[in-house]
Peer 1: 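Encoded as structure tokens, here's the structure I'll be asking about.
Only a predicted model underlies this, so the values are computations on that prediction, with no experimental measurement involved.
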Amino acid sequence: MQEATKKLCEALQRTSEYQDYIRCKAEIDQDSGIQALVKEYKRLQMGVQMRMLAGQGMDDDDGRRFQQLSALLFADQRTSGYLLAEMRLQQMMAGIFEKITRAAG
């Protein structure tokens with residue numbers, strides 16, 4: 001099982017989704033200001049998602065801040081590229097997890 005896991009990890013690292021993510025992340029990691037904005041965006045995004053899952057409305061201040069930050073980050077080619085690459089990687093991983101879960105019954 002460990003050998004299969006190792007091979008899966010190596011295969012994942014060779015995918016275009018992973019390579020794009022690593023390339024974009026390296027670019028983002030060079031700027032601490034952008035890193036801080038992305039971290040805040042992810043914090044707000046998680047809060048919004050958790051409130052929605054709990055059936056609660058979005059907090060006005062956090063909602064407004066999330067929308068403003070989203071507009072700012074997606075207007076910049078570096079940050080939008082990073083966030084989109086991260087989403088594509090997450091989608092790929094979700095597909096893999098779904099197949100493993102189905103195989104496990």
Side-chain angles (χ1 to χ4, degrees):
M1 185 53 120
Q2 288 182 349
E3 185 62 31
T5 302
K6 181 180 175 184
K7 285 182 180 183
L8 176 59
C9 290
E10 290 169 353
L12 289 172
Q13 290 174 343
R14 289 189 302 270
T15 65
S16 61
E17 291 87 351
Y18 180 80
Q19 294 297 318
D20 287 345
Y21 169 75
I22 292 300
R23 180 183 48 76
C24 291
K25 185 176 184 325
E27 191 173 340
I28 294 302
D29 286 347
Q30 293 178 11
D31 187 321
S32 61
I34 290 177
Q35 278 182 322
L37 289 174
V38 168
K39 185 176 181 178
E40 176 67 3
Y41 170 82
K42 289 181 179 183
R43 185 191 70 76
L44 290 167
Q45 182 182 44
M46 180 66 73
V48 167
Q49 290 172 343
M50 294 304 287
R51 291 181 66 85
M52 292 176 81
L53 286 173
Q56 301 172 349
M58 195 177 350
D59 177 79
D60 287 343
D61 290 336
D62 282 349
R64 192 170 18 265
R65 176 79 176 133
F66 179 71
Q67 289 175 347
Q68 292 170 341
L69 202 47
S70 295
L72 177 68
L73 293 176
F74 280 98
D76 182 277
Q77 190 174 24
R78 293 174 300 168
T79 52
S80 66
Y82 167 72
L83 293 169
L84 292 172
E86 184 178 57
M87 283 185 233
R88 285 190 295 273
L89 180 62
Q90 289 172 346
Q91 287 173 334
M92 181 188 71
M93 297 298 290
I96 291 168
F97 185 72
E98 180 183 336
K99 289 176 184 174
I100 291 171
T101 301
R102 247 187 275 130

Peer 1: Excluding sequence neighbours, so at least two apart, what forms side-chain hydrogen bond (donor to acceptor under 3.5 Å, both in side chains) with Q35?
Peer 2: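 Listed in chain order: D29.
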
Peer 1: Would you please name every residue forming a side-chain contact (heavy atoms from CB on, under 4.5 Å) with L12, sequence neighbours left out?
Peer 2: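 Here the qualifying residues are L8, M92, M93, I96.
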
Peer 1: Can you list every pair that meets salt bridge (Lys or Arg N to Asp or Glu O under 4.0 Å) and has a residue in residues 45-55, with sequence neighbours left out?
Peer 2: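 Applying salt bridge (Lys or Arg N to Asp or Glu O under 4.0 Å) to every pair that reaches into residues 45-55, excluding sequence neighbours, yields nothing.
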
Peer 1: Could you list all the ring pair (Phe, Tyr, Trp, His ring centres under 6.0 Å) pairs where at least one residue sits in residues 85-105, not counting sequence neighbours?
Peer 2: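 Non-adjacent pairs meeting ring pair (Phe, Tyr, Trp, His ring centres under 6.0 Å): zero.
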
Peer 1: Just verifying a value: how many Å separate E27 CD and I34 CD1, rounded to the nearest 0.5 Å?
Peer 2: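 With rounding to 0.5 Å, CD (E27) is 8.0 Å from CD1 (I34).
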
Peer 1: Going by the rule salt bridge (Lys or Arg N to Asp or Glu O under 4.0 Å), which residues pair with R43 if we only count those two or more places apart in sequence or in a different chain?
Peer 2: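 With neighbours one apart ignored, the set is E40.
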
Peer 1: So, using side-chain contact (heavy atoms from CB on, under 4.5 Å) as the criterion, who are the partners of E98 when residues are at least two apart?
Peer 2: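 Per chain and number, E98 pairs via side-chain contact (heavy atoms from CB on, under 4.5 Å) with R102.
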
Peer 1: Which side-chain N or O atoms in residues 81-91 pair as donor and acceptor under 3.5 Å with protein atoms at least two apart or in another chain?
Peer 2:
| residue | atom | partner | partner atom | Å |
| --- | --- | --- | --- | --- |
| Y82 | OH | K42 | NZ | 2.9 |
| Y82 | OH | E86 | OE2 | 3.4 |
| E86 | OE1 | K42 | NZ | 3.3 |
| E86 | OE2 | K42 | NZ | 2.6 |

Peer 1: Under the salt bridge (Lys or Arg N to Asp or Glu O under 4.0 Å) definition, can you give me all pairs with a residue in residues 9-22, not counting sequence neighbours?
Peer 2: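 Every pair satisfying salt bridge (Lys or Arg N to Asp or Glu O under 4.0 Å) with a residue in residues 9-22: D20-R23.
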
Peer 1: Between side-chain atoms of residues 65-78 and protein atoms elsewhere (two or more places apart, or another chain), which donor-acceptor pairs fall under 3.5 Å?
Peer 2:
| residue | atom | partner | partner atom | Å |
| --- | --- | --- | --- | --- |
| S70 | OG | F66 | O | 2.8 |
| D76 | OD1 | R78 | N | 2.8 |
| D76 | OD1 | T79 | N | 3.1 |

Peer 1: Would you give the length of the straight line joining atom CD of Q30 to atom CD1 of I28, rounded to the nearest 0.5 angstrom?
Peer 2: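 One finds 9.0 Å between CD of Q30 and CD1 of I28.
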
